[in-house]
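Note that the structure is a prediction, hence the values are computed from the model and not measured.
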Amino acid sequence: PLPSYDEVLVCTPDTEEEEVELLVRRALSPGSQDQKIYCLLGADKLVYKVSKQLESHFFRLVQSSSIPDYRFIIFCNAKAHNSYVITAFDAYKMTFPCYSKTEIQTYLKQHLQVPSGTAPIAQAFEEPYRQNVKFVFSERAGMGK
């Protein structure tokens, strides 16, 4: 399934330590084994202080956690050589091949299927519906829309 609002943090220079700590705690807490994959996107954009705290929280929780197979991914720009996050987590670094936009779209269409009988919200964002404003309604209020 697509990630939910509590699984992904998109980092900017304004991202605060508390936001990063909350995501790390979710990923490494005993209740986190419900098939979620926690992600920090653009972690190379974090300021030095927040990057240091990310490293501290992560390694402290890994040592004290009883979860052997947590799911936590940190995405960084490979060209961001001056990022503290890249240096701190260098031992865990993996490089992924570059895929074209078409290859990515084909993969996602094959693997991210909406159950039959359900209208996918993604159809609102496909081609003839290109608009500048989108409204998303949900029966569950305040769930990260």
Side-chain angles (χ1 to χ4, degrees), residues 1-101 103-126 129 132-145:
L2 291 170
S4 62
Y5 73 97
D6 66 331
E7 293 175 77
V8 178
L9 177 61
V10 179
C11 300
T12 69
D14 298 324
T15 301
E16 297 179 4
E17 175 189 339
E18 293 81 11
E19 296 172 286
V20 172
E21 180 183 3
L22 182 60
L23 188 75
V24 172
R25 285 187 182 278
R26 284 181 191 145
L28 300 174
S29 295
S32 68
Q33 295 311 101
D34 51 2
Q35 302 302 316
K36 291 187 175 189
I37 300 173
Y38 294 90
C39 304
L40 274 178
L41 300 179
D44 53 285
K45 295 176 185 168
L46 294 173
V47 296
Y48 179 77
K49 180 183 175 190
V50 176
S51 298
K52 286 285 289 180
Q53 292 300 320
L54 165 62
E55 177 189 30
S56 173
H57 293 307
F58 176 81
F59 288 110
R60 182 177 40 81
L61 288 169
V62 163
Q63 289 175 352
S64 65
S65 179
S66 60
I67 301 172
D69 58 346
Y70 56 87
R71 296 171 178 200
F72 184 62
I73 302 172
I74 301 173
F75 290 94
C76 293
N77 183 344
K79 295 177 183 171
H81 299 293
N82 60 343
S83 168
Y84 184 82
V85 173
I86 292 173
T87 304
F89 293 91
D90 190 59
Y92 298 93
K93 184 167 108 176
M94 296 180 72
T95 304
F96 293 96
C98 291
Y99 294 102
S100 70
K101 180 179 177 181
E103 291 172 313
I104 293 169
Q105 288 173 334
T106 301
Y107 176 86
L108 292 175
K109 283 183 180 183
Q110 291 173 350
H111 290 86
L112 298 177
Q113 298 294 321
V114 176
S116 62
T118 307
I121 190 63
Q123 73 186 11
F125 301 102
E126 288 182 3
Y129 299 104
N132 292 331
V133 178
K134 307 279 189 243
F135 290 95
V136 178
F137 296 95
S138 171
E139 294 175 13
R140 297 173 59 192
M143 299 306 290
K145 295 182 287 304

A.B. asks: Nearest 0.5 Å, what's the CD-NE2 distance between Glu18 and His57?
C.D. replies: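 Going from CD on Glu18 over to NE2 on His57, the span is 8.0 Å.
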A.B. asks: What's the separation between atom CG in Leu40 and atom CG in Leu23, rounded to the nearest 0.5 Å?
C.D. replies: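 One gets 5.0 Å once the value is rounded to the nearest 0.5 Å.
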A.B. asks: Counting distance only, does the side-chain N/O of Gln63 pair as donor-acceptor with the main-chain N or O of Arg60 below 3.5 Å?
C.D. replies: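 Not a single qualifying donor-acceptor pair exists.
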A.B. asks: Would Lys79 and Asp44 pass as an ion pair if we require N to O under 4.0 Å?
C.D. replies: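 Looking at Lys79 and Asp44, the cut-off is not met.
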A.B. asks: Do the ring centers of Phe58 and Phe89 come within less than 6.0 Å of each other?
C.D. replies: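 Ring centres of Phe89 and Phe58 closer than 6.0 Å.
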A.B. asks: Side-chain contact, heavy-atom cut-off 4.5 Å: Val20 with Leu46?
C.D. replies: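 Side chain of Val20 against side chain of Leu46, heavy atoms only: contact under 4.5 Å found.
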A.B. asks: Find out whether Val85 and Thr87 are in side-chain contact, i.e. whether some heavy atom of one side chain is under 4.5 Å from a heavy atom of the other.
C.D. replies: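 Not touching, per the 4.5 Å side-chain cut-off.
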A.B. asks: Supply the atom-to-atom distance Ile74 CD1 to Glu55 CD, rounded to the nearest 0.5 angstrom.
C.D. replies: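 Atom-to-atom, Ile74:CD1 and Glu55:CD are 10.0 Å apart.
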A.B. asks: With heavy-atom distances below 4.5 Å as the criterion, would you say the side chains of Val47 and Tyr84 are in contact?
C.D. replies: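 Counting from C-beta outward, Val47 and Tyr84 never come under 4.5 Å.
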A.B. asks: Can you name the nearest heavy-atom pair linking Cys11 to Lys45, along with the distance?
C.D. replies: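 That would be O-CD, 3.8 Å.
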A.B. asks: At what distance, to the nearest 0.5 angstrom, does CD of Gln105 lie from OH of Tyr99?
C.D. replies: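 Spacing of CD (Gln105) from OH (Tyr99) equals 15.5 Å.
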A.B. asks: Is there a donor-acceptor contact under 3.5 Å from the side chain of Ser56 to the main chain of Lys52?
C.D. replies: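 No, because the side chain of Ser56 does not come within donor-acceptor range (under 3.5 Å) of the backbone of Lys52.
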A.B. asks: Could you grab the distance from atom CG of Leu61 to atom CD of Glu21, nearest 0.5 Å is fine?
C.D. replies: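 CD of Glu21 is found 7.5 Å from CG of Leu61.
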A.B. asks: Check the pair Phe72, Tyr38 against ring pair (Phe, Tyr, Trp, His ring centres under 6.0 Å), reporting the backbone distance first and the verdict last.
C.D. replies: CA-CA 5 Å; Phe72 184 62; Tyr38 294 90; 7.7 Å; no
A.B. asks: Supply the atom-to-atom distance Phe59 CZ to Leu54 CG, rounded to the nearest 0.5 angstrom.
C.D. replies: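 That separation rounds to 8.5 Å.
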A.B. asks: Is the backbone of Thr12 close enough, under 3.5 Å, to the side chain of Thr15 for a donor and an acceptor to pair up by distance?
C.D. replies: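 Yes; judged by distance alone, with no hydrogens or angles, the pair exists.
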A.B. asks: May I ask you to check whether over 12 heavy atoms, not counting those of Tyr107, lie within 6.0 Å of atom OH?
C.D. replies: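 At most 12 heavy atoms, drawn from other residues, nucleotides or ligands, come within 6.0 Å of this atom.
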A.B. asks: Find out whether Asn77 and Ile86 are in side-chain contact, i.e. whether some heavy atom of one side chain is under 4.5 Å from a heavy atom of the other.
C.D. replies: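 Side-chain contact under 4.5 Å: no.
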A.B. asks: Going by side chain to side chain donor-acceptor pair (under 3.5 Å), name the residues that satisfy it together with Glu16, two or more places apart in sequence or in a different chain.
C.D. replies: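 Listed in chain order: nothing, the list is empty.
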A.B. asks: Using atom types as modelled and distance alone, determine if a side-chain donor or acceptor of Arg26 lies under 3.5 Å from a backbone N or O of Asp6.
C.D. replies: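 Yes, Arg26 side chain to Asp6 backbone: donor-acceptor pair under 3.5 Å.
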A.B. asks: Taking only residues two or more places apart in sequence or in another chain, which ones pass side chain to side chain donor-acceptor pair (under 3.5 Å) with Ser64?
C.D. replies: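 So Ser64 forms no side chain to side chain donor-acceptor pair (under 3.5 Å) with any residue.
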